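Structure first, commentary second.
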Amino acid sequence: MVRIKERYLLVKILYPNELGTRPDIPDVVLVNQPTTDQLNPALLLRGIRAEVANLFGDYGSGAIEGGNLGVKYFSPSTSTFILRTSRSTYRLVWAALTFMNSVPVRNGESCIFRVVHVSGTMRKAEEETIRRARNLIFSAENDQKAKTDDPLSNIFGKTIQPEREVVMADMPGIGDDDSDVEMGEISDG
């Protein structure tokens, strides 16, 4: 018997328009703020289906129908959800999520839907959700301690240029006048 192969997309809803608006709150928290309570899994699915139909037309609508698209986990407090779709159509759904630019509710706030993990099992998607939530807490604590003027460097970190050591070595027996000589012809004597 062949089982139906599915993919689980872990999606994070980000709010970059709030970046740098409140100096008392870390920028990581502003970008990852809670989603409105009006959003529920049914509205989310309706918005995703509408965006797939908008991008891919009848082909996309027909491909994701048939009960293979569903929200398995939704948390408005962390702005995270896990979406189940068939393995053959997860790229269509991912593309539709990429092009969605607002929360699918009336007068929805502008946002970014970012697919942060694709998994073959629900368990691995849940583990990744927990790991990312922990990392978000730690980064918010660190961001509050060392806040800079640039909001993007608060989120992504400062770019540190590694120091490169340049080692100069003189080869014995080679002078400036021997520069045209091939390496095979150089001798130690």
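Owing to the predicted nature of the structure, the values given are computational and were not obtained by experimental measurement.
- In this structure, the side chains of Thr98 and Val115 stay at 4.5 Å or more apart for every pair of heavy atoms.
- How far CZ of Arg114 is from CD1 of Ile13: 13.5 Å, rounded to the nearest 0.5 Å.
- Under the 4.5 Å side-chain heavy-atom criterion for Ile, Leu, Val, Met, Phe, Trp and Tyr, Val71 and Met122 are members of distinct hydrophobic clusters.
- Looking at heavy atoms from C-beta onward, Leu69 lies in side-chain contact with Ile48 at the 4.5 angstrom threshold.
- Taking every heavy atom of both residues into account, Cys111 and Ser102 meet most closely at SG-C, 3.6 Å.
- When all heavy atoms of Ala125 and Ser119 are compared, the pair lying nearest together is N-OG, 3.9 Å.
- Between the CG atom of Leu83 and the OH atom of Tyr8 there is a distance of 11.0 Å, given to the nearest 0.5 Å.
- Here the closest heavy-atom approach between residue Leu39 and residue Phe74 is recorded as O-CE2, 3.3 Å.
- Ring geometry, Phe113 versus Phe81: the interplanar angle exceeds 60°, so the pair is classed perpendicular (tilted spans 30 to 60°).
- Of all heavy-atom pairs between Arg132 and Leu10, the closest is CD-CD2, 4.1 Å.
- Linking Ile, Leu, Val, Met, Phe, Trp and Tyr residues whenever their side-chain heavy atoms come within less than 4.5 Å places Val52 and Leu43 in a single cluster.
- Linking Ile, Leu, Val, Met, Phe, Trp and Tyr residues whenever their side-chain heavy atoms come within less than 4.5 Å leaves Tyr73 and Leu97 in two separate clusters.
- Rounding to the nearest 0.5 angstrom, the gap separating the CD atom in Glu51 from the CG atom in Asn101 is 7.5 Å.
- The two residues Pro76 and Asp37 make their nearest non-hydrogen contact at CB-OD1, 4.4 Å.
- We find the OG1-CZ distance between Thr36 and Arg106 to be 13.0 Å, quoted to the nearest 0.5 Å.
- At least one side-chain heavy atom of Lys12 sits less than 4.5 Å from a side-chain heavy atom of Ser79.
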Name each donor-acceptor pair under 3.5 Å that joins a side chain in residues 88-96 to protein atoms two or more places apart or in another chain, with its distance.
from, atom 1, to, atom 2, distance (Å)
Ser88, OG, Ser86, OG, 3.3
Thr89, OG1, Thr85, OG1, 3.0
Thr89, OG1, Ser86, OG, 2.9

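- Side-chain contact annotation: Tyr15 with Thr35, donor-acceptor N/O pair under 3.5 Å present.
- If you chain together hydrophobic residues whose side chains sit under 4.5 Å apart, Val11 and Val105 fall into the same group.
- The distance from the CG atom of Leu55 to the CE atom of Met100 is 10.5 Å, given to the nearest 0.5 Å.
- Taking CD of Glu128 as the reference point, atom CZ of Arg123 lies at 13.5 Å (rounded to 0.5 Å).
- The two residues Asn68 and Glu65 come nearest to each other via the heavy atoms OD1-O, 3.6 Å.
- Side-chain contact between Pro34 and Thr78: absent, with no pair of heavy atoms (C-beta onward) separated by less than 4.5 Å.
- Under 4.0 Å is where a charged nitrogen must lie from a carboxylate oxygen, and between Glu127 and Lys124 at least one such pair does.
- Counting heavy atoms of neighbouring residues, nucleotides and ligands inside a 6.0 Å radius, atom CZ of Arg46 does not exceed 12 of them.
- Linking ILVMFWY side-chain heavy atoms closer than 4.5 Å, directly or via other members, places Phe56 and Phe99 in a single hydrophobic cluster.
- For the residue pair Ser75 / Thr80, no side-chain donor-acceptor distance below 3.5 Å is found, with atom types taken as modelled.
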